[in-house]
There are 2 protein chains.
Amino acid sequence: MATTTNIKEVARLAGVSLGTVSNVLNQPERVSEATRKRVLDAIAELGYVRNDSARQLRAGRSRQIAIVVLDVTNPFFTDVVRGAENAAEEQGVMVVVCNSGEDADRERRHLDLLEEQRVRGVLITPVDDAPDSRLEKLINRGTPVVLVDRGSGWRDRCSVAVNDVLGGRLAGEHLIAGGHRRIAFVGGPMSIQQVTDRHQGVKLALEGAGDLEGAELTTVTTPTLTVASGRAAAAQMADMPDAGRPTAVFCANDLIALGVLQELTRRGVRVPADMAIVGYDDIEFAAAATVPLSSVRQPREQLGRTATQLLLEEIESGGRHEHRHVVFQPDLVIRASSHIET
Amino acid sequence: MATTTNIKEVARLAGVSLGTVSNVLNQPERVSEATRKRVLDAIAELGYVRNDSARQLRAGRSRQIAIVVLDVTNPFFTDVVRGAENAAEEQGVMVVVCNSGEDADRERRHLDLLEEQRVRGVLITPVDDAPDSRLEKLINRGTPVVLVDRGSGWRDRCSVAVNDVLGGRLAGEHLIAGGHRRIAFVGGPMSIQQVTDRHQGVKLALEGAGDLEGAELTTVTTPTLTVASGRAAAAQMADMPDAGRPTAVFCANDLIALGVLQELTRRGVRVPADMAIVGYDDIEFAAAATVPLSSVRQPREQLGRTATQLLLEEIESGGRHEHRHVVFQPDLVIRASSHIET
DNA sequence: AGAGGTATATGAAACGTTTCATTGAATCGT
DNA sequence: ACGATTCAATGAAACGTTTCATATACCTCT
């Protein structure tokens with residue numbers, strides 16, 4: 001183990017006082033050029049590395065923020081993380097990424113540790129909305145927190161989210177405009193706010209087209225938002241009698257949509273001729289599917305970026321801070337999977 | 001800002017000495033049950049949270065390890081991260097995830113910060129092999145480091161990697177066994193060791209089939225390992241004259257393979273009938289492609305898990321440690337994209 | 001030449017823990 | 001009953017910074 005060279009040794013080698021070395025590190029302009037050089041040389045020679053623990057201890061707080069995501073293997077969240085990192089980097093703040101894996105207990109342990117580390121703030125998509133949660137304690141003790149994509153019900157926090165009802169409506173209206181009257185919604189579980197919002201949106205679209213008497217919405221609930229669930233749902237739909245079978249399907253996310261696409265193609269159902277598909281999230285693999293997937297695009301990176309800005313704002317404000325709720329509007333990206341060539 | 005309640009206040013409220021509180025926290029068995037309860041009550045009442053900076057300062061080191069990945073949005077690396085997290089969790093160690101984004105400068109900044117934080121060890125897939133690198137300094141100062149998937153040329157470190165030459169050979173032999181004689185390799189840049197190894201592997205497979213005189217390998221070099229590069233490469237191949245055009249393609253990773261698949265399908269080239277495809281990595285989206293992709297599977301999670309175990313081992317050993325190089329053998333997963341039904 | 005400034009450099013205090021040598025009290029064995 | 005042993009609790013020292021009030025030297029102006 002490299003015996004830690006400390007500021008004192010540097011001072012001795014450079015022939016200056018301990019405080020001067022600190023000044024070179026933190027306020028170089030206060031030190032004469034000659035001594036500054038001497039100190040920097042000593043630092044280089046000894047390979048001195050600042051001890052952040054001592055620094056933080058003295059300062060009373062760290063220089064890091066944390067982002068706690070539900071699933072680090074989900075492309076949606078990795079993009080959010082990238083946005084947060086970029087925004088933080090511009091301010092010279094480091095981001096620590098924590099993965100709760102949708103496990104409340106693991107989330108709790110992460111928050112324990114983060115609080116012990118006195119992080120300056122936390123971006124989080126919480127696992128649940130338990131009112132008496134670990135998260136609430138963190139907030140009450142004074143750590144700034146911004147909610148990412150799970151804003152509902154937290155009036156007293158900053159949050160960023162996407163208007164999922166609108167996203168659902170865009171998808172629905174697009175399919176109706178394409179001539180579809182029997183539409184299916186595939187997604188779940190319904191305990192997830194985003195899923196019900198998207199469902200609600202497509203429902204509104206169908207109701208809005210009131211003059212079209214025949215319009216009808218089938219809902220296929222899935223246990224998870226995964227490719228496998230999509231495949232199962234597609235199998236279920238393909239087995240329906242031809243008469244009532246939907247001609248279009250709107251999926252709660254792209255993983256499901258990819259599963260649906262895969263299973264339909266396997267069964268010889270042509271997409272979009274026999275069945276159109278619209279997904280949600282517009283992850284990179286949506287465009288890369290063999291039948292490129294239409295999808296409702298969320299500004300994922302922007303989500304992370306804005307959340308970080310709100311957090312840094314709250315941190316800077318030191319108490320005087322008005323919480324804000326930023327809601328983004330999604331876009332519909334039309335690709336081959338729902339584009340009927342005429 | 002929550003005025004930090006410290007151990008001293010807890011001691012006062014509980015009517016014990018400062019050292020006793022510390023003992024309750026760290027060696028509860030040394031404290032009588034009565035006082036322990038009194039202290040714990042005081043902690044709960046005050047909402048006391050340990051200050052990790054002070055703890056670390058005293059201890060001289062942290063309780064965290066870090067993993068620095070090339071690209072946090074690449075499914076390959078997120079799986080490696082998950083493996084590392086799981087292994088670390090079992091030992092009560094936290095993992096900090098850092099993303100270099102293939103940017104050497106960003107990698108350097110991360111390492112600076114990690115060293116200041118006195119992390120106990122680092123798992124890293126370095127951006128480059130620069131001999132006089134920041135990484136080497138870190139190592140020389142005594143921080144244990146394990147190289148992930150970039151083992152070559154670092155004899156004096158632990159490393160984990162996958163036998164990419166074998167992976168390439170498996171893919172090549174599979175295609176030859178399927179009757180293919182004109183095979184293309186798509187991938188790049190060749191400066192990446194993994195790419196040249198995989199290329200080398202498929203070349204060996206063709207040479208091994210020496211009796212097959214007609215066997216021939218075309219190499220299409222791409223600038224990146226992305227879906228877009230795959231599409232471009234496929235376009236290039238499709239434009240070749242029918243006579244010399246390959247009947248099978250082996251891609252350096254799955255993203256490229258998905259791009260190739262997409263472009264070929266768009267052009268009406270049937271997969272696998274007209275052209276077979278084998279990818280590399282077996283990411284989740286490989287199986288979910290409309291023509292499920294054959295792929296060389298790497299034990300991604302295992303890679304992260306083993307790397308973490310090696311790192312923890314080195315940390316524990318305190319100097320007396322024999323560096324080890326663990327090389328995994330890849331598997332070929334055969335799916336529809338290379339399976340010619342007869 | 002002396003008063004008032006302005007740069008620089010200094011050294012001690014403080015941040016909140018953990019550790020460890022001591023002390024004090026209680027229990028044990030003979 | 002008394003020394004020996006065990007068990008609990010104590011309090012001061014140390015970890016490596018940053019900060020801040022103070023000291024020193026050097027100018028500048030009248």
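On a predicted model such as this, the values are computed, not experimentally measured, just so you know. Letters A, B, ... are given to chains in the order of the sequence lines, protein chains preceding strands, and every chain is numbered from 1.
Where Gly15(A) and Asn23(B) meet DNA chain C, the nucleotide closest to each residue was compared, and Gly15(A) sits on the side nearer the 5' end. Residues Ala59(B) and Arg38(B) both approach DNA chain D. Their nearest nucleotides, taken by heavy-atom distance, put Arg38(B) toward the 5′ side.
Counting to the nearest Å, the P atom of dT18(C) and the CD atom of Gln27(B) are 10 Å from each other. dT17(C) atom P lies 14 Å from atom CD of Gln56(A), rounded to whole Å. For Asn6(B) and dT18(C), the CG to P distance is 12 Å, given to the nearest whole Å. Between the CD atom of Glu9(A) and the C1' atom of dG16(D) there is a distance of 11 Å, given to the nearest Å. Leu57(B) places its CG atom 17 Å from the P atom of dA13(D), with the value rounded to the nearest Å. For the pair Arg50(A) CZ and dC15(D) C1', the interatomic distance rounds to 17 Å; values are reported in whole Å. In this structure, Gln117(A) atom CD and dG16(C) atom C1' are separated by 15 Å, rounded to whole Å. Spacing between atom CG of Asp52(A) and atom C1' of dT18(D) amounts to 13 Å, rounded to whole angstrom units.
Using a cutoff of 4.0 Å between basic side-chain nitrogens and carboxylate oxygens, Asp41(A) and Arg38(A) are not scored as salt-bridged. Under a 4.0 Å N-O distance rule, the pair Arg324(A)/Glu313(A) qualifies as a salt bridge.
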Output field dot_bracket for DNA chain C (Watson-Crick or G-U, both distances under 3.5 Å, | for other-strand pairs) contains ||||||||||||||||||||||||||||||
Are Gln194(A) and Gln298(A) close enough, and set up right, to give a side chain to side chain donor-acceptor pair (under 3.5 Å), and what steps lead you there?
CA-CA 12 Å; Gln194(A) 282 93 329; Gln298(A) 307 205 64; over 6 Å; no
Apply salt bridge (Lys or Arg N to Asp or Glu O under 4.0 Å) to Arg134(A) and Glu115(A), showing your working.
CA-CA 11 Å; Arg134(A) 175 70 186 80; Glu115(A) 195 170 6; 2.6 Å; yes
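Side-chain N/O atoms of Arg55(A) and base N/O atoms of dT17(D) include no donor-acceptor pair closer than 3.5 Å. Residue side chain Arg58(A) does not reach the base of dT17(D) through any donor-acceptor N/O pair under 3.5 Å, judged by distance alone. No N or O donor and acceptor, one from the side chain of Arg30(B) and one from the base of dA8(D), sit under 3.5 Å apart.
For Ser22(B), the listed nucleotide lying nearest its side chain is dT18(C); candidates were dT10(D), dT18(C), dT19(D). The nucleotide whose nearest atom lies closest to any side-chain atom of Ser32(A) is, among dT8(C), dA9(D), dG16(D), dT8(C). Taking every side-chain heavy atom of Thr20(A) into account, dT10(C) is the closest of dT10(C), dT17(C), dG16(D). Side chain of Asn26(A), nearest nucleotide from dT19(C), dG16(D), dT18(D): dT18(D). When distances are taken from the side chain of Ile7(A) to each of dT17(D), dT10(D), dA9(D), the shortest belongs to dT17(D). For Val16(A), the listed nucleotide lying nearest its side chain is dT10(C); candidates were dT10(C), dT17(C), dT17(D). Closest to the side chain of Thr35(A), from the set dA9(C), dA9(D), dG16(C), is dA9(C). Side-chain proximity of Thr4(A) to dG16(C), dG16(D), dA12(C): nearest is dG16(D).
You'll find the side chain of Asp52(A) stays beyond 4.5 Å of the side chain of Gln56(B), heavy atoms only. Considering only heavy atoms from C-beta on, Asn6(A) comes within 4.5 Å of Glu9(A) through its side chain.
In this structure, Asn51(B) does not reach the dG16(C) phosphate: none of its side-chain N or O atoms is under 4.0 Å from OP1 or OP2. Taking 4.0 angstrom as the limit, Arg118(B) places none of its side-chain polar atoms (N or O) nearer than this to OP1 or OP2 of dG16(D).
Checking Glu316(B) against Gln91(B) by side-chain atom types alone, no donor-acceptor pair falls below 3.5 Å. Defined by atom type and a distance below 3.5 Å, a donor-acceptor pair is present between the side-chain atoms of Asn86(B) and Glu301(B).
Each of Val122(A), Leu135(A), Leu310(A), Leu123(A) was compared with Leu147(A) under the side-chain contact (heavy atoms from CB on, under 4.5 Å) criterion, and only Leu135(A) meets it.
Counting any heavy atom pair closer than 4.0 Å across all strands shown, Leu25(B) reaches no nucleic acid atom.
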